Amino acid sequence: MATNNRESNVQEESSPLLSKQFEENQKDAEKPAKASPEKSPTDVGHVNGGGNGCVWTADGLPLGHGSVMGEPMGRAQWDSSILACLGRNDEFCSSDLEVCLLGSVAPCVLYGSNAERLGSAPGTFANHCLPYSALYLIGNAFFGWNCLAPWFSYPRRTAIRRKFNLEGSCEALNRSCGCCGSFMDDELQQEQCETACDFATHVFCHPCALCQEGREIRRRLPHPGFNAQPVLVMIPPGEQAMGRGA
């Protein structure tokens with residue numbers, strides 16, 4: 001019996017199928033592991049849910065949508081032109097009429113209102129309206145026209161343009177006829193040119209500039225008084241007397 005078992009074991013160990021399987025396993029173990037192929041940025045975009053070949057940043061934003069750091073963003077245009085005194089026939093029609101009336105009759109009030117909406121700080125209206133009124137009266141009294149107030153009000157136009165990333169006069173002129181290409185190459189020269197254009201706009205078209213700024217601010221910013229939190233007043237219930245049955 002012992003000899004038969006030994007012979008059967010020798011036959012099993014010498015089986016050609018077992019030897020082939022052992023050789024294949026040994027070859028697989030000796031083969032070096034293949035390096036996983038590197039994924040391209042496009043593949044990474046597909047994995048992260050891009051689906052359109054976009055490269056994604058660490059914040060989950062596609063680079064194809066202008067999220068590259070340092071990429072210039074396009075400037076927005078003014079909502080209405082400087083000569084659109086009555087504004088546009090939309091839901092702000094009554095506000096545009098008010099702006100036009102204030103710009104024609106009381107520009108100091110319109111300028112103070114613009115500064116109040118833009119700064120939204122307490123006392124901003126009086127701090128801007130009173131100095132503007134003084135310069136307005138001095139200019140009309142000594143020179144016969146409002147020539148001093150534009151020196152005080154034109155920085156507000158520059159602040160509005162920078163706050164809302166609006167297109168300046170030089171940039172609009174370059175877009176329309178391409179005559180300011182040399183100034184558009186240097187950002188510092190471009191900003192100096194835009195500031196000079198803001199000053200010239202207030203000097204030569206002062207009421208129209210104030211109205212344009214007023215229409216733009218009222219469409220973009222609510223009045224500071226609307227930001228106040230409502231106060232909830234609790235009124236205790238009145239005394240209730242229980243009626244006695246007859």
Side-chain angles (χ1 to χ4, degrees), residues 72-85 87 92 95-96 98-175 180 183-184 186-225 227:
M73 297 179 62
R75 299 185 186 275
Q77 298 183 9
W78 292 77
D79 185 78
S80 58
S81 65
I82 193 171
L83 298 178
C85 298
F92 291 91
S95 177
D96 294 341
E98 179 186 356
V99 167
C100 182
L101 182 62
L102 290 176
S104 303
V105 179
C108 56
V109 177
L110 179 59
Y111 175 75
S113 175
N114 293 345
E116 184 182 21
R117 287 176 181 265
L118 189 64
S120 65
T124 304
F125 178 81
N127 293 338
H128 289 80
C129 182
L130 295 179
Y132 182 95
S133 302
L135 294 174
Y136 178 84
L137 295 176
I138 294 174
N140 283 275
F142 289 94
F143 302 100
W145 64 294
N146 186 16
C147 59
L148 298 180
W151 292 77
F152 177 73
S153 61
Y154 88 90
R156 192 62 49 186
R157 183 177 184 86
T158 304
I160 294 172
R161 182 172 50 81
R162 292 176 180 175
K163 182 178 181 63
F164 303 124
N165 194 28
L166 297 176
E167 189 179 50
S169 301
C170 289
E171 192 172 357
L173 194 62
N174 182 61
R175 178 175 52 83
C180 300
F183 292 99
M184 298 296 107
D186 189 1
E187 294 183 359
L188 181 60
Q189 291 183 357
Q190 179 183 355
E191 186 59 31
Q192 292 176 353
C193 179
E194 298 292 359
T195 305
C197 289
D198 294 339
F199 172 73
T201 303
H202 268 260
V203 170
F204 296 105
C205 302
H206 183 62
C208 296
L210 285 180
C211 292
Q212 184 188 26
E213 296 163 11
R215 293 191 299 268
E216 193 72 28
I217 291 177
R218 295 187 180 212
R219 280 171 167 79
R220 293 179 179 270
L221 296 176
H223 194 274
N227 295 331

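Keep in mind that this is a model prediction, so the values were computed, not measured. Values below: all heavy atoms of this structure, side chains included; hydrogens, waters and symmetry mates excluded. FYI, the numbering just counts along the sequence from 1.
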Stepwise, does the side chain to side chain contact (heavy atoms under 4.5 Å, CB included) test hold for Phe142 with Ile138? CA-CA 6 Å; Phe142 289 94; Ile138 294 174; 3.8 Å; yes
Determine whether Leu102 and Ser113 make a side-chain contact, defined as any pair of heavy atoms from C-beta on separated by less than 4.5 Å. no
Close side-chain approach of Pro107 and Tyr111, heavy atoms under 4.5 Å: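 No - every pair of side-chain heavy atoms lies 4.5 Å or more apart.
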Tell me the closest heavy-atom pair linking [X] and [Y], and the distance in Å.
X: Phe92; Y: Arg219; answer: CB-NH2, 3.6 Å
X: Leu221; Y: Arg117; answer: O-NH1, 3.3 Å
X: Ile82; Y: Cys205; answer: CD1-CB, 4.2 Å

How long is the span from the [atom1] atom in [X] to the [atom2] atom in [Y], to the nearest 0.5 Å?
X: Cys211; Y: Asn114; atom1: SG; atom2: CG; value: 9.0 Å
X: Leu130; Y: Phe125; atom1: CG; atom2: CZ; value: 8.0 Å
X: Asp96; Y: Leu101; atom1: CG; atom2: CG; value: 12.5 Å
X: Asn140; Y: Leu148; atom1: CG; atom2: CG; value: 9.0 Å
X: Leu110; Y: Glu98; atom1: CG; atom2: CD; value: 9.0 Å
X: Asp79; Y: Ile217; atom1: CG; atom2: CD1; value: 12.5 Å

For residues 157-164, tabulate all N or O donor-acceptor pairs below 3.5 Å that involve a side-chain atom, not counting sequence neighbours.
unit_1, atom_1, unit_2, atom_2, d
Arg157, NH1, Gln212, OE1, 3.2
Arg157, NH1, Glu213, OE2, 3.3
Arg157, NH2, Gln212, OE1, 2.8
Thr158, OG1, Asp198, OD2, 2.8
Arg161, NE, Asp198, OD2, 3.2
Arg161, NH2, Glu191, OE2, 3.3
Arg161, NH2, Asp198, OD2, 3.0
Arg162, NE, Glu191, OE2, 2.9
Arg162, NH2, Glu191, OE2, 2.8

Answer yes or no: is there a donor N or O on one side and an acceptor on the other, between the side chain of [X] and the main chain of [Y], under 3.5 Å?
X: Arg215; Y: Ser81; value: yes
X: Glu194; Y: Glu171; value: yes
X: Trp78; Y: Glu167; value: yes

I would like to know whether Tyr136 and Cys108 meet side chain to side chain contact (heavy atoms under 4.5 Å, CB included); could you show each step before the answer? CA-CA 8 Å; Tyr136 178 84; Cys108 56; 5.9 Å; no
Taking the inter-plane angle between the rings of Trp151 and Phe199 on a 0 to 90° scale, is it parallel (under 30°), tilted (30 to 60°) or perpendicular (over 60°)?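 Answer is perpendicular, since the angle exceeds 60°.
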Any chance you could lay out the ring pair (Phe, Tyr, Trp, His ring centres under 6.0 Å) test for His202 and Tyr132, step after step, and finish with the verdict? CA-CA 13 Å; His202 268 260; Tyr132 182 95; 9.0 Å; no
Taking the two cysteines Cys170 and Cys193, decide whether their SG atoms are closer than 2.5 angstrom. yes
Output, in order, the C-alpha distance, side-chain angles, deciding distance and verdict of side chain to side chain contact (heavy atoms under 4.5 Å, CB included) for Leu118 and His128. CA-CA 12 Å; Leu118 189 64; His128 289 80; over 6 Å; no
